[in-house]
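In what follows, a structure is listed as structure tokens, so that the remarks can point back to it.
Protein chains get the first letters and strands the later ones, always in sequence-line order, with residue 1 at the start of each.
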Amino acid sequence: MNLDFLNESQRQAVLLTDGPIMLLAGAGSGKTRTLVARIQYLLEEKRVSPFQVLAVTFSNKAAREMRERLAANAQVNVGALQVTTFHAFCAKVLRMEGAYLGLSKNFTIYDDGESQSIIKALLAKHGINQKELSPYTVAAYIDGLKNLGYYIGLARNEDVEKYAEDRRMWDLFLEYEAELHRSNAVDFGGLITGILNLFRSFPEVQRKYQDKFKYVLVDEYQDTNRAQFEMILLLSEAHRNLCVVGDEDQSIYSWRGADIRNILDFEKVFSEAKLIKLEQNYRSSKKIIEAASEVIARNVARKGKQMWTNNDEGDEIKIVECRDDRAEAEYVAQQIKLIANEGVSLKDIAVFYRNNAHSRTIEDALRKEKFPYRVVAGIKFYDRKEVKDMISYMRIVVNKKDSLALTRIINTPARGVGATSLRKLEDEAVRLQLSLFELIEKIAEAPHEYKHLSLSGKVQSAINQLVHLVQEVQVLENQNHSPTFSYEKLLNESGYYEFLRADKTYEGAARLENLEELMSAVKQFEESETEPNLVKFLETITLDTTVEEQTGELISLMTVHGSKGLEYPYVFLIGAEENIFPSYRSLEIGPSAIEEERRLFYVAMTRAMKQLTISFAQGRMLWGSLKFNGPSQFLQEIPERYYKWISYQTGPKRSSEYGSKSYDDFDQSPESSDDAVFYKEKVYQTKRTSSTSNYPSGSKILHALYGEGTILDTEGMGQEEKVTIQFRDGIRKKFMVKFAPLQKL
DNA sequence: GTTGCGCAGATTTTT
DNA sequence: TCTGCGCAAC
């Protein structure tokens, strides 16, 4: 196999096939290329059977990309390779070995929302007010435990109570797990800990999988949590042919349990591990790479890589100071117009923002210029009510212990089974230790035995019909009938279709359309699988929520998180302001959180290939009032030689009533100078000449928003000067002097 | 069941 | 300022 297309470190990474190895792969360093080459090398040169290779990634996107590249390059049976996500891999193993843990093959996978529904019910049962202890908090605690690798049987209250902010959480954890088990269901975290439990409790099972997968590769290693790390360890501790690839500088999901220590401590766990750094960047211009490197170098929690590139010097980064958020959006739209006029394709342009809320101003501005765009990962398709409802119908067919699913649809569409009847049924189910569906099945079978429930005739017949329908579809399922057929049957005979059709509003029509889309998803699934069934379909859509993306001549809009793994020639990053990026939360939490924000900022910068434009607004409409946050601290971490400072002060005036109507004045903005560059570009004056501050510590000032205050501290000088001010009521704020509306007293 | 009011809260969201 | 929710009343 010819490895000439790889650079020296990449080749090393391919050739060191045996023993533990960690690849630290910087942004744009050809990580996937290397990983694919390594697998290909294992198969073609080392004659490893494709059945013995396991490659796990975190996201479906990455798994898919790797699979596609392998299929394109290797002359091997790619279908035999296991290239999947952590969760899909665990689900697969649990479906086969679940019996050891008392799980049957058809278990349901609950997503975060469903977990919270279970918790809500538990809280209600205990009469705990949701304001006192929110379902979210409990869910986060439970998920946190699972991310750390705890499961019932391993965790003891003494070990984990330190993570709980409320004594009741432990009991809720136990009850939650019991409820999931009763429902023959597993949540996301439970997929991983289920494997830990399985392998540790049944070493013969562990041995089987250890023997099977002689070579294990982990991509996106920086995003793994402790539990996933332990699972990998259990799989590879015997043969130790483990290759992990990651970039500690791109770890941006710690709030989801990703543990950067998995990277930082890898060599502690595998003392014989080889470490290879991929530091050559093939993506971006020199200016961009060097500037990004300078920024990320400020982080302490890193192994340290020195990125470099042979690419051109490239344009300077543009840092654009705008008067407000609308001027910023307008600037971006105008710039895109200029670039597009030069012949750049719109699909080579992306706009990133720190949070979804900021897409709106950009969307408005792009619409005004009639630019087509797509918002990546907006509202989730599978989160829509009607879609969840139909999924619940399918779920109850597949898993009759899934009481959550039945609760959802027992009265949707309305069949007269109201809250009171449902309560009666639930109580009876608990008393008889049956799932809700098992109970109504019995009721349908022998109604006279359930007279004591005194169900109305309406409820009785609703139950009969529903049970009948579900059983019929179950039969179809057992006979391996087409999932599409089952879906249609459920949709029509449940009355759901009629119910939506009766809704003549625009919304009703949209819901119907969504259900049609769901049907085409079923159809598409059916065509892609050799043995399609509802269990597999349901698993696929809970573990892989990616919907087909719009492609074509479109500008891409997305959050910075969403941009990970992508690249664009022209990148605009908006909202580079304190309290936004870094977020106010991270500023509250402190240094480690700010480091993660910095990594996020680094991710954003390194997406850009040719041109990077970072903008901030002096004033931004936020939470109903105009906020003056000042430029992001990360901007000051970019050395001057890499950027050009642009001040965009023209554009629409913000009318006194900012809001929906005020776009009128936007329309009257200087359209006349359409083609001309009608903003003033000026290179930022960086006079570092020391001058005494106008605001020495201890002096009194008046702030336009916060009122009177006392200067506590000053840092920087001239244009960069920042002051920390103590206001009344203990409010303490830091401002850039040049932006803050301050007055000396 | 649906509508409407009041109130809190308002990052990121691979699975 | 806007939204989403829980709860109360129709």
With sequence neighbours excluded, residues passing ring-ring contact (aromatic ring centres under 6.0 Å, His included) with Tyr382(A): none
Quick one: label Asn355(A) by what it contacts on the DNA or RNA (base, sugar-phosphate, nothing), any heavy atom closer than 4.0 Å. sugar-phosphate
Would you mind classifying the nucleic acid contact of Phe86(A) as base, sugar-phosphate or nothing, using non-hydrogen atoms under 4.0 angstrom? nothing
Who passes salt bridge (Lys or Arg N to Asp or Glu O under 4.0 Å) against Lys388(A), sequence neighbours left out? Asp111(A), Glu114(A)
For a quick check of understanding: with a heavy-atom distance under 4.0 Å over all strands, which category does Thr57(A) fall into, base, sugar-phosphate or nothing? nothing
Give a yes-or-no answer on whether the side chains of Asn262(A) and Arg226(A) include a donor-acceptor pair shorter than 3.5 Å. yes
Would you kindly say whether Tyr253(A) and Asn225(A) are connected by a side-chain donor-acceptor distance under 3.5 Å? no
Using the test ring-ring contact (aromatic ring centres under 6.0 Å, His included), find all partners of Phe581(A) that sit at least two apart in sequence or belong to another chain. Phe601(A)
Could you tell me whether the side chains of Asp187(A) and Tyr176(A) share a donor-acceptor contact shorter than 3.5 Å? yes
Base, sugar-phosphate, or nothing: which does Gly418(A) touch, judged by heavy atoms less than 4.0 Å apart? sugar-phosphate
Residue pair Thr84(A) / Ala88(A): nearest heavy atoms and the distance that separates them: CB-CB, 4.3 Å
Dump the intermediate steps for side-chain contact (heavy atoms from CB on, under 4.5 Å) on Val376(A) and Leu566(A), then the final yes or no. CA-CA 12 Å; Val376(A) 178; Leu566(A) 304 174; 5.8 Å; no
Contact class for Gln250(A) vs. all strands (heavy atom < 4.0 Å): base, sugar-phosphate, or nothing? nothing
Spacing of the P atoms in dT3(C) and dT12(B) (rounded, Å): 15 Å
Which part of the nucleic acid, if any, lies within reach of Asp111(A) when heavy atoms closer than 4.0 Å are counted: base, sugar-phosphate only, or nothing? nothing
With sequence neighbours left out, write down each residue that passes salt bridge (Lys or Arg N to Asp or Glu O under 4.0 Å) with Asp389(A), or none if nothing qualifies. Lys385(A), Arg408(A)
Go nucleotide by nucleotide along DNA chain B from the 5' end; which of Ala414(A) and Ile589(A) gets its closest nucleotide reached first? Ala414(A)
What is the 5' to 3' range of DNA chain B, first to last nucleotide, that sits under 4.0 Å from any heavy atom of chain A? dG1(B) to dT15(B)
Which part of the nucleic acid, if any, lies within reach of Ser583(A) when heavy atoms closer than 4.0 Å are counted: base, sugar-phosphate only, or nothing? base
Summarise how protein sits on nucleotides 3-10 of chain C as a single string, 5' to 3': B when a protein heavy atom is under 4.0 Å from the base, S for sugar-phosphate-only contact, - for no contact. --------
